[in-house]
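Read the structure below first, then the notes.
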Amino acid sequence: MNWDETVTLRIRGRVQGVGFRAWALREATHLELDGWVRNRTDGSVEMVLSGTPAQVAALTLLCYRGPALARVHEVESEPGPDGPVARGFHAKPDT
């Protein structure tokens with residue numbers, strides 16, 4: 001499958017232990033994005049998003065707010081990995 005855009009996001013702040021991954025799964029599924037989300041050992045959340053530029057931009061903007069209990073300080077975006085991303089959106093194990 002070809003995607004128009006793939007990005008990797010790193011979200012920093014109070015983003016673990018507040019339901020951020022579950023929230024990201026719901027939002028990404030609603031927006032029909034492919035990719036994944038996981039917690040990082042440094043306290044951040046990492047996501048890979050693949051979809052149209054509008055879909056990717058929509059979730060990126062939502063990540064600045066996150067779920068109700070989150071306190072996002074930074075959303076860093078960079079080009080995502082080359083090659084296919086698994087179809088659908090899922091949570092990966094923490095790293």
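We number each residue from 1, following the sequence as shown.
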Minimal non-hydrogen separation, [X] against [Y], with atom names:
| X | Y | result |
| --- | --- | --- |
| Ala68 | Arg71 | O-NH1, 3.1 Å |
| Phe20 | Val45 | CD2-CG1, 4.0 Å |
| Pro81 | Val48 | CD-CG1, 4.0 Å |
| Val85 | Ser50 | CG2-OG, 3.4 Å |
| Met47 | Ala24 | SD-CB, 3.8 Å |

Original post:
How far does CG of Asp34 sit from CG of Leu49, to the nearest 0.5 angstrom?
Top reply: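 Reported to 0.5 Å precision, the distance equals 10.0 Å.
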Original post:
Rounded to the nearest 0.5 Å, how far apart are NZ of Lys92 and CH2 of Trp36?
Top reply: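 The CH2 atom of Trp36 is 4.5 Å from NZ of Lys92, to the nearest 0.5 Å.
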Between [X] and [Y], is there a donor-acceptor pair closer than 3.5 Å when you use the side chain of the first and the backbone of the second?
| X | Y | answer |
| --- | --- | --- |
| Thr29 | Leu25 | yes |
| Arg14 | Leu69 | yes |
| Asp4 | Gly51 | no |

With sequence neighbours excluded, what pairs up with [X] under the side chain to side chain donor-acceptor pair (under 3.5 Å) test?
| X | answer |
| --- | --- |
| Arg38 | Glu46 |
| Arg12 | Glu76 |
| Gln55 | Thr52 |

Please tell me if the side chains of [X] and [Y] come closer than 4.5 Å, counting only heavy atoms from C-beta onward.
| X | Y | value |
| --- | --- | --- |
| Glu74 | Ile11 | no |
| Asp42 | Arg10 | yes |
| Leu62 | Trp23 | yes |
| Pro79 | Thr8 | no |
| Leu9 | Cys63 | yes |
| His30 | Phe89 | no |

**OP:** Treating Ile, Leu, Val, Met, Phe, Trp and Tyr as nodes and any side-chain heavy-atom pair under 4.5 angstrom as an edge, say whether Val56 and Leu59 lie in one connected cluster.
**Re:**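 Looking at the clustering, Leu59 is in the same group as Val56.
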Original post:
When Arg40 is tested against each of Asp94, Thr95, Val15 for side-chain contact (heavy atoms from CB on, under 4.5 Å), which residue passes?
Top reply: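 Of the listed options, the one satisfying the test is Thr95.
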